[in-house]
Amino acid sequence: MLEWVAGYITFWGSISEAIGGLGAVLFWRHLPLFAKILAVQVVCACLTEQAGFLLTKYGKPNAWLYDIYFFLEVIMVSIASFFLTPTPTRKRILQYLIPIFLVAWGVYMFSPRLLSIGTLGLGGYSMIVVLLLSSILEMTVKGYDDRPSLLITFSLLAFFAGVIPMFSFLEYLYQLDPTAGKKLSIIVGSLCIIRYFSAAIAFFLYYRRSKTPALS
Amino acid sequence: MNVNEIILVIVVFTLLLLLLVAGIVVSFHIANRQRLQKDIKLQEASLRYEQELRVAETAISEAVLKNVSHELHDNIGHLLTSLRLQLESRMLDDEQQATRLQPLQETLVAASQQLRLLSRTLNPDFFQNSDLISAIKLDTERLQLVSNIKLHFKYDNERTGLSKEQELLAFRIFQEGITNAIKHANAKNISINITQNNGFCLSIADDGIGFAQDASRENGLQNMRSRAKLAGLQLEITAAPGKGCRLVLSQPL
């Protein structure tokens, strides 16, 4: 039963990802820089998903592909959060955090025993959550009222905050049951549905706004 | 703890975090709404202040015009009358000079008449016993006498449907518009129309030199706009160099 639910949610997660990717390509011209970075990330997610599926089909390992995607995701979302509310402080924070994350990711890639994916994910995603929260705080203070951007920001926050408990227990869980990943896909899949559907809606809203004549 | 229990713990924590995110969304929404309400209140206060300022400005300018009107009527008018009486007495005393002084007497009579008319249209109290149509008629007759411009005044109804205050402000806008056409536009013809088809509408069109639309920020035109706003009327000014100017004052539908 649990596996059936996991499969069902994963299926809808993939569908939402594909819709998000399609939205990113279709409405690309109408997106602001912040959303363009996220659109690239969504397309990367779609391509990674497809490539991963093909590699599995032909019996090849695909973990390396997800590791590269994970790195790109953290970097792109962090940079996008900077372009959402660009301030000198946030720029300085990113200048320190991105190299640290790069080193940590390098350590994980070349020596997984020193740094596990759980710890790295926890660190990377916590960094994103902090950046998004600070962006939201700044948007609240400045009275920022751009609905599509807010929709993406809140959905990203929901996704990255939502996966933190999973990454906290990931190592322990894999030690107990190496196949636990399938069960965990219920959480990741559900969060993916929220994230990518929101992204697709936001991309469409950017497009619709660009087509609506401004009130004089 | 077995795997399922751990997954349950993860799910619970995830849900708690999602609730937290939902809380942030709600707080953000509330903060934005409060800011919006505050902005609306500030805007309303600023509008009220602007309105009060305009009322005060208009009251001051009307008081000044009333004073000028009284001065014209009582002092200069009195001086002209006494001058006319002296002239007439001189003409009676000396019949030979009477023919020579005749044109002077006529000019003096015309000047007195002009002064009386001007004094009347400047006085806001004039509107207590009169209306906009009569005031415009009076003013166009007076202007017709002192300038070479042809003024064509048409109206389709004796009543404008405006309050006395609105009529006074509309009349001041009319005066400003006509003065501009005479002084700055070198107009030969000015058409003044008042229609009541879709509510009150006063239009003044001249065939003068016109002006660039940017110039509509100038003081006189700004005064007209602020008077129109105060009266709750809509003012549209259309002009282009060499194509005259058209001013439409209407009641918003």
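Below, chain A is the first sequence line, B the second, and so on; all start at residue 1. Reckoned from all heavy atoms, side chains included, excluding hydrogens, waters and symmetry mates.
Using cut-offs of 30° and 60° for the angle between ring planes, the A:Phe169 and B:Phe13 rings count as tilted.
Only the side chain of A:Leu133 has a heavy atom closer than 4.5 Å to any heavy atom of chain B. Heavy atoms of A:Ile187 lying under 4.5 Å from chain B belong exclusively to its side chain. No part of A:Phe159 comes within reach of chain B, as not one of its non-hydrogen atoms sits under 4.5 angstrom from that chain. With a 4.5 angstrom heavy-atom cutoff, B:Asn4 touches chain A only via side-chain atoms. At a 4.5 Å heavy-atom cutoff, B:Val12 makes no contact with chain A through either its backbone or its side chain.
Considering all non-hydrogen atoms of both residues, A:Phe154 and B:Ile24 come closest at CE2-CG2, 4.1 Å. Heavy-atom minimum distance, B:Val21 versus A:Ala161: CG2-CB, 4.1 Å.
Within 6.0 Å of atom CG in B:Asn148, 12 or fewer heavy atoms from other residues, nucleotides or ligands are found, so the atom counts as exposed in its surroundings. Counted within 6.0 Å of CD on B:Gln43, heavy atoms from surrounding residues, nucleotides or ligands total 12 or fewer; the atom is thus considered open. When the shell of 6.0 Å around NZ of B:Lys164 is examined, it contains more than 12 heavy atoms from other residues, nucleotides or ligands. Taking a 6.0 Å sphere around NE2 of B:His152, one finds it holds more than 12 heavy atoms contributed by other residues, nucleotides or ligands. The number of heavy-atom neighbours closer than 6.0 Å to OH of A:Tyr66, taken from other residues, nucleotides and ligands shown, is above 12. More than 12 heavy-atom neighbours from other residues, nucleotides or ligands sit within 6.0 angstrom of CZ on B:Arg54.
Counting heavy-atom pairs under 4.5 Å between each of A:Ile164, A:Leu184, A:Leu176, A:Leu173 and chain B puts A:Leu173 at the top.
Note that CE of A:Met139 and CG of B:Asn32 are 9.5 Å apart. Values are rounded to the nearest 0.5 Å. Rounded to the nearest 0.5 angstrom, A:Met166 CE and B:Ile6 CD1 are separated by 13.5 Å. Remark: B:Ser27 OG to A:Ile136 CD1 distance equals 10.0 Å, nearest 0.5 Å.
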Residue pair B:Leu18, A:Leu191: steps toward the side chain to side chain contact (heavy atoms under 4.5 Å, CB included) verdict
CA-CA 10 Å; B:Leu18 287 180; A:Leu191 294 171; 3.9 Å; yes

